[in-house]
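Structure first, commentary second.
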Amino acid sequence: MTPPAITTISAGDTAWMLAATALVLLMTPALGLFYAGLVRSKNTLNTFMMSIAALAVATIMWALVGYSLAFDKGNGFIGGLGHVFLSGVTFAPRAGGSIPQLVFFAFQAAFCIVTVALVSGAVVERMRFVPMLVFSALWSVLVYAVLAHWAFGGGWLQAHGTLDFAGGVPVEMGSGFSALAAALVVGARKDYGRQALLPHNAVYVLLGAGLLWFGWFGFNGGSGFSTGHASVLAFTNTLLAPACTLFVWFVLDLMRGRRVTAIGAATAIIVGCVGITPAGGYISPTWAMALGAVAALPSYAVIVWRPRTRIDETLDVLAAHGAAGLTGILFLGLVAQLSWNGVSDGLFYGNAHQLAWQAIAAGVTPAYAFGATFVLLRLIALFTPLRSTEREEALGMDVIQHGEEAYASGEGAILVSTEAGLDVPVAVAQP
Amino acid sequence: VKLVTAIVRPEKVNDVLEALFRAEVRGVSMSRVQGHGGELERVETYRGTTVKMELSEKVRFEVAVSDAFVQSTVEAFCQGARTGNVGDGKIFVSSLDQAIRIRTGETDEGAVTPVSK
């Protein structure tokens, strides 16, 4: 007899997934650039470094335990420990797959990394770097891996038929509602609501958004794990939906302020990409365009509402990811089409059951992400202060946390070199 | 008419402006400057290169005020800029030979008194 199909590796699928993994990995520095442009110049490096930090800690945690808890067979809530320390992750594919599990692992690792980086947007400009490293490491396991198991790894949501193509549950709602909790626990920046805290480089923001969109073709296009129909559909929908979000955002900007803003446009690109993430391979291109347009509305509303509150969720992760991810998950329940995805219909095509399970995912995910993040940060705060002092915050996190400046002029800088004997103690005035 | 020059920490600029407005001092110029007082040097590292930043970023305020306003201006600067650590800055008060408002040609007291609309 022929060997079972599950051991067959497809060269084409593997080639695409290798490239897609690299595309997704690019999203993390792209996000760092996007975030760095949105903060004040004295916090540029610290903000960027919070994304870079995810490349280290999330990858390590994912290899040690996160991947296993997400994708090993376990119970409905959490996976098992069979793949801890990458045991059993080899050239052989997972059941039903056509790519080596090693590639699958790396692709999913890149998802975990960018999601951890996303959450940092809530706490930039005041959270200390080392507690952030601890939080990132633990969050990637306790929140991301759990949600990934629910949606992708055979957990209870997936088992009941919730559709989530590329991460509306773990990535988008997971990061968005965790960001809200993080902002509440860490607290507002000292100048929040007192001074205008403006983005210092809108060009970084636009370039970061552009690179994120580019990377998102791997993110959504790779989530079919093949070069098959689902991947192709998701790939093209990743072009269509954000374009519509962008245009609707222009119109909303015009209606509200009579001007189209650049930072609004960058935000719209993210919102569109997020909106199509859960739905990419499940809905028709026409509905993808509609979803892109619809996704602009709740996110725009949250962005207008949030700064009027005392919640300093600094870079609007809730609006861009939480709200847009939720919109995508629900919209998918309406317009999923069996004739396009071969899996399930949505409400508009006669399957109310699908919408029900999308709604359950949209209710439970935010609750878990918010609650778990809130408790986790409170626990870390028992051991170490989460944020810098007011004085340090005023000086800027770059100098305080990293001893570097993003835009060092070099004026007045004196080389310290032991060979030249220049590091003699310098007399300083006593306070 | 006196010229009050104050060198303060950049991160205290908003507090200083607030204090000045509370003291009803109007007509302020500010510029970014670099300088060295008795402050501890900041050490920064870029790859293998460690440098001491001898010059710190400061902000210089210049306000021309009538004699009656000198005391409240100085107090406003002290109140807004003080943190209690080395590097809070200095205030210099100097005499002005003449002050002229370009638009109207008013001189001295008249030139530095805010226009009431």
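Reminder, nothing fancy here: chain letters follow the sequence lines and each chain counts from 1. In this text the structure is predicted, and so the values were computed from the model without any measurement.
- Taking the side chain as every heavy atom from C-beta outward, A:Glu392 and B:Glu11 never approach each other to under 4.5 Å.
- Sparse packing is recorded around CZ of B:Arg82, with 12 or fewer heavy atoms of other residues, nucleotides or ligands lying under 6.0 Å away.
- Rounding to the nearest 0.5 Å places OH of B:Tyr46 at 4.5 Å from CD of A:Glu405.
- The environment of B:Glu62 atom CD is dense: over 12 non-hydrogen atoms of other residues, nucleotides or ligands sit within 6.0 angstrom.
- Other residues, nucleotides and ligands contribute at most 12 non-hydrogen atoms within 6.0 Å of the CZ atom of A:Arg256.
- Heavy atoms of B:Asp15 lying under 4.5 Å from chain A belong exclusively to its side chain.
- Atom CD of A:Gln195 sits in a crowded spot, with more than 12 heavy atoms from other residues, nucleotides or ligands closer than 6.0 Å.
- Inter-residue side-chain proximity for B:Thr45 and A:Glu404 is flagged as unmet; no heavy-atom pair is nearer than 4.5 Å.
- For chain A, no part of B:Glu57 is nearby; none of its heavy atoms comes within less than 4.5 Å.
- Using a 4.5 Å heavy-atom cutoff, the side chains of B:Asn85 and A:Arg391 are in contact.
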